[in-house]
Every structure is written in structure tokens, then in C-alpha cells.
Amino acid sequence: MSEILRVEDLKKYFETKKGTLHAVDGVTFTVEAGKTLGIVGESGCGKSTLGRVILHLHERTDGKIVFQGEDISDVSPAKLKALRKDMQIIFQDPYASLNPRMSLGNIIGEPLEIYGMCKSKEEKEKKVREIMDVVGLASRTYYLYPHELDGGRRQRVGIARALILDPKLIVCDEPVSALDVSIQAQILNLMMELQKERGLTYLFITHNLSVVKHISDDITVMYLGQMVEKADSAEIFKHQYHPYTKALISAIPLPKYDAPDNQIILKGEITSPINVTKSCRFAPRCIYAKPECFNTEPQLEEVAPNHFVKCHFVKEINNL
Ligand code: SF4
């Protein structure tokens with residue numbers, strides 16, 4: 001399998017009145033074509049900003065982005081337009097991301113017009129109806145408006161719009177978080193089917209680990225702009241070594257009503273992402289924290305094959 005995306009030491013800082021906000025701070029990973037990388041963390045951990053920086057919706061502060069073997073860290077507007085064809089996004093809130101004044105046919109077909117990909121109105125309509133069929137939207141909804149659909153069908157519109165240009169990579173930014181649980185499963189299944197059929201690569205961003213369990217090949221856990229643990233999906237659900245990942249996994253509800261409640265409740269203040277110091281950013285909430293954690297930043301360390309953790313005391317905590 002070949003690498004499709006690589007980010008190296010990617011950083012995105014925002015200047016605020018209070019100082020520099022480190023939204024994304026030194027993130028490095030690769031994604032192979034046709035695979036899904038799940039990016040998980042609480043809101044405010046920088047995961048959505050990371051996706052937007054990769055798509056150049058925010059300009060990076062530092063670091064490198066390589067897509068299909070080409071360094072795209074700095075690109076001209078013309079190159080960016082060409083790239084957008086191959087790199088699409090599905091947003092969290094399908095309603096907010098769809099223009100309420102446009103019919104579904106026009107929303108889904110708009111990218112075809114922007115890229116001049118159809119010679120006639122008829123050709124555009126044919127392509128739109130084909131992609132609507134692919135995502136399970138009835139042809140009769142072509143002339144409907146977003147407010148006439150339920151959440152699940154609105155998200156299908158978002159997926160159809162992302163697919164119509166036949167992209168290689170899709171950044172899925174909390175694509176099912178706003179949906180009912182039963183609809184979530186339908187959309188996730190649809191996304192997995194589409195990935196298989198079209199060889200799509202997903203960056204799947206979510207705060208909910210249970211959502212990425214089945215769809216992700218690899219998982220990266222982020223905390224305050226940094227990666228704290230990464231491994232393949234099966235491995236991370238079997239063995240979590242970072243205290244923050246342990247807490248995230250423990251918060252997944254169990255299906256049995258009499259299952260023991262092992263949820264780890266995190267206490268303590270979340271470190272400010274503004275003007276951060278060289279320390280472990282999780283230290284104020286970590287039950288294992290020692291003085292060293294407050295004045296030295298841990299590095300990602302490989303603790304098992306292809307399993308990386310950012311913690312000074314990972315071996316001691318886990319008896320490795
Ligand atoms: Fe906890 Fe220290 Fe490890 Fe950070 S480095 S996760 S504070 S033990």
C-alpha cells in the first residue's frame with residue numbers, strides 16, 4: 001500500500017489578545033491510500049484545526065504537508081484549486097454546511113460547475129443523479145431544499161457533494177456527531193462501503209472513540225494540540241498506555257446493563273493552550289504526574305511495535 005498523505009511536525013498557532021494559542025503543535029503521521037486514520041480527542045484539542053490546515057483552509061504556522069508524494073506545504077492559488085478536487089471535506093453539521101437557498105441538485109452539482117467538468121446542464125444533472133444514487137438519496141429529492149430533509153439525508157448530501165469530484169482523500173470532521181445513533185450507523189456503513197468501492201482515504205476526526213473503532217485502520221489520540229498515543233485500531237482498543245487514552249476508552253458505554261463501571265473520571269484543570277510551557281500538557285489531570293512532568297515535555301516513544309506513546313513514565317505505569 002502506498003502513502004498518500006504525510007504531515008511532519010505540523011504546527012498551527014493563532015495569535016490572541018492573551019498570547020499565542022498552540023492549536024496544533026508538532027503533529028507527525030502518515031496515511032496509506034485507501035485507509036482511514038481516526039483522529040480522536042476532546043473538543044478544543046486541535047483535531048479539527050489539523051484537518052483544516054491539511055486542506056489549506058487555515059494556513060500552517062510551520063511543518064510540512066506531503067500529498068501524493070508532492071510537498072504541498074506552500075501552494076499557489078491555482079495549485080490549491082487543483083488540489084481541492086482531490087482533497088474534500090465532510091462537515092459535522094450537515095444543516096449549517098448546506099446553503100439553505102439552493103436545491104439538492106444545485107448543492108451537489110456546484111463543484112462540477114466550479115471545475116468546469118460538464119459541457120451541458122443535462123450532463124451535470126446526470127452526474128448529480130448518479131452520485132445521489134450512490135449515497136442512497138432518492139432521485140425525487142433532486143429539487144428539494146435542505147430544510148425538507150432529516151439529518152441523515154442532509155449528511156448524505158454532504159457526502160455526495162464531497163464525492164462528486166471523485167477525490168482521493170476526504171477529511172471527515174465529526175461527520176456523525178450531530179446525528180441520532182441509528183442514523184450514525186447507517187452513515188458509517190455507507191462511508192465504509194464507499195471507501196471499499198472507490199479506494200477513498202479518510203481522515204476521520206471525532207471526539208468519540210467508539211465511533212472510530214470500526215472505521216479506522218489506525219488511531220491517533222490528540223490532547224491540547226499534540227499526539228499522545230498512536231497505534232493501529234485493534235491494538236489501541238486492546239492496550240492503551242497513555243493515561244488520557246485509558247480515560248477515553250473507559251468512557252465508552254458498555255452494552256451490558258450490569259457491566260462494572262470502570263470509567264476513569266478526569267479531575268483537575270485543563271492546561272491553557274495559550275503560551276504553553278515545556279511540560280506534559282496532561283499533567284494537571286494525570287493521577288500519575290510527578291514533578292518532572294511539569295517541567296519537561298515527554299517525547300513520543302515506541303512502546304510496542306508501531307505503538308507510540310508520549311509519557312515520561314509509560315513503562316512504569318503499565319509495567320512494560
Ligand atoms: Fe502523566 Fe507524567 Fe505521563 Fe504526562 S508524562 S501522562 S503527567 S505520567
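Ligands are counted one by one from 1 in listed order, and the atoms in each one are counted from 1 as well.
- No cation-pi contact links Lys310 to Phe308, judged by a cut-off of 6.0 Å to the six-membered ring centre and 45° from its axis.
- A cation-pi arrangement is absent between Lys230 and Phe29, since the terminal nitrogen or guanidinium carbon is not both under 6.0 Å from the aromatic centre and inside a 45° cone about the axis.
- Around atom 2 (Fe) of ligand 1, protein N, O or S atoms at less than 2.8 Å comprise Cys293 SG.
- A donor-acceptor contact closer than 3.5 angstrom is absent between the side chains of Thr30 and Glu3.
- Heavy atoms of Lys310 stay at 4.0 angstrom or farther from ligand 1.
- Between Asp74 and Arg60, at least one side-chain nitrogen of the basic residue sits less than 4.0 Å from a carboxylate oxygen of the acidic one, meeting the salt-bridge criterion.
- A donor atom on one side chain and an acceptor atom on the other are not found under 3.5 Å apart for Ser279 and Glu297.
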Check the pair His242, Tyr223 against ring pair (Phe, Tyr, Trp, His ring centres under 6.0 Å), reporting the backbone distance first and the verdict last.
CA-CA 11 Å; His242 193 283; Tyr223 189 80; 7.7 Å; no
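- Distances below 4.0 Å separate heavy atoms of His242 from the following atoms of ligand 1: 6 (S).
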Could you walk me through whether Thr206 and Asn208 pass the side chain to side chain donor-acceptor pair (under 3.5 Å) test, one step at a time?
CA-CA 5 Å; Thr206 180; Asn208 186 345; 5.6 Å; no
